[in-house]
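Chain naming here is simple, since letters A, B, ... match the order of the sequence lines and numbering starts at 1 in each.
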2 protein chains.
Amino acid sequence: MSLRIALLGTLAHHGPATGYELAKRFDTSINLAWQAKHGQIYPELARMVKSGAVTVENAGDGRGRKVYTVTDAGRREITEWVNGDDLYRGVRNESALRGFLVTLLPPREAAAVMRAEEARHAAKLAEVEHLKEEVEARTAPDDPFGRYALELGLRNATMMRDWAAETAKDLENKAEKEDRR
Amino acid sequence: MSLRIALLGTLAHHGPATGYELAKRFDTSINLAWQAKHGQIYPELARMVKSGAVTVENAGDGRGRKVYTVTDAGRREITEWVNGDDLYRGVRNESALRGFLVTLLPPREAAAVMRAEEARHAAKLAEVEHLKEEVEARTAPDDPFGRYALELGLRNATMMRDWAAETAKDLENKAEKEDRR
DNA sequence: TGCGACATGTAACATGTTACATGATTCT
DNA sequence: AGAATCATGTAACATGTTACATGTCGCA
């Protein structure tokens, strides 16, 4: 369902696009909210044509490009979904799982694992900051599309990095205490 | 892969358990890191027996309970996974998607959507706080298993709630500005 | 005795990823 | 001419959810 809404939303905001273009948009700011590969996108577009949420048009070029456009029914679907309370699909977070399991290791090793985790999140944060600059350079300053999600991506990466750092610190303290014994 | 690790980790920390018990543990603190239903757990346990990560024993009671125990090979799998950098399976976040699409609505409606989002995250935060108290009452104060993940869950819910609130505020400001025009 | 929790398992389905397959256009 | 990118699609597989199917045990 959510993939469908993500595709409709992108079409509603940026205008008609091909499946290929939609796939590439999942590499930009919307990446922080949703993603999909073309192997999932093409079948979904076909389903949406059938159900009337979008229309197709053959671009008529040799490549067989197909341009998709949202219909009013499609726009209604977006509004309904946004107003719904679809939330919390099961959380599945490898970092949190690592935070869980790390206590099975001796504190020194555990701390090293969390320092590595911190580094990964710091790198992710830099990535999001870069993406933000890119988006800001490309879009009008008063166009908030993607801004809110970008802000969330930034906060999330920061939060994860700090959590990993503090967890590492805590484990390092524990290791030291153990040494003194 | 991660489900397998989550199951092994739980067995390693709490000791041998049945599939049913493992399923119930996914409703406690590990819920903030990973989850699974019994429909996924039983087949996975069968696979792990085959590959030697766990052993089974029939409890011998009429209910046909089967108790699973981690093997050394299973423990090794955990350590390897924790030390790996398995991270960032595609982010799929309905809240962020809502933050994306909300700008397609008029500011007043959009603000209402984000206020509802704020309320959902505030409720989630309360839930995690409650879970934390429960865990703290049940486990020894120096047993950090689950504590780090719980802390992350707390931070995440707080971050999401604040983000939703600030986004709502921004949209409310926009609506007001529009009214004055 | 009947209900709810305990207990295991499978089947059907939905979602998501990777690999395979094919061909056009553009740039060097 | 060859490589990279554009462009669409399907098949095989992995993961996750829901529904179906079956039976036990403890308690009111």
Test side-chain contact (heavy atoms from CB on, under 4.5 Å) applied to A/Leu154 and A/Leu32, A/Leu131, A/Val128, the passing residue = A/Val128
Which residues share a side-chain contact (heavy atoms from CB on, under 4.5 Å) with B/Ala119, sequence neighbours left out = none
Looking at side-chain heavy atoms only, is the closest gap between B/Met159 and B/Arg155 below 4.5 Å?
-> no
Which pairs with one or both residues in residues 56-66 of chain A pass salt bridge (charged side-chain N to carboxylate O under 4.0 Å, His left out), sequence neighbours excluded?
-> A/Glu21-A/Arg65, A/Asp61-A/Arg65
CG of B/Leu7 to CD1 of B/Ile30, rounded to nearest 0.5 Å, is 8.0 Å
Ring pair (Phe, Tyr, Trp, His ring centres under 6.0 Å) contacts touching residues 141-172 of chain A (sequence neighbours left out) = A/His13-A/Phe145, A/His14-A/Phe145, A/Phe145-B/Phe100
All salt bridge (charged side-chain N to carboxylate O under 4.0 Å, His left out) counterparts of A/Arg47, not counting sequence neighbours = A/Glu44
For DNA chain C, what residues of residues 10-31 of chain A have any heavy atom nearer than 4.0 Å?
-> none
Applying side-chain hydrogen bond (donor to acceptor under 3.5 Å, both in side chains), which residue pairs with at least one partner in residues 24-43 of chain A are found, sequence neighbours left out?
-> none
Salt bridge (charged side-chain N to carboxylate O under 4.0 Å, His left out) involving A/Glu109 - partner list, sequence neighbours excluded = none
List in chain and number order the residues that pass side-chain contact (heavy atoms from CB on, under 4.5 Å) with B/Ala175, two or more places apart in sequence or in another chain; answer none if no residue qualifies.
-> B/Pro107, B/Arg108
Here the residues of residues 32-42 of chain A within 4.0 Å heavy-atom distance, strictly under, of DNA chain D are A/His38, A/Gly39, A/Tyr42
Name the first nucleotide and the last nucleotide along DNA chain C (5' to 3') that come under 4.0 Å of a heavy atom in chain B.
-> C/dC6 to C/dT17
All N/O donor-acceptor pairs, side-chain side in residues 132-141 of chain A, below 3.5 Å, sequence neighbours left out:
residue  : atom : partner  : partner atom : Å
A/Thr139 : OG1  : A/Val135 : O            : 3.0
A/Thr139 : OG1  : A/Arg147 : NH2          : 3.3

Under a 4.0 Å heavy-atom cut-off, which of residues 43-66 of chain B touch DNA chain D?
-> B/Gly62, B/Arg63
Under 3.5 Å side-chain donor-acceptor pair for A/Ser51 and A/Arg4 = yes
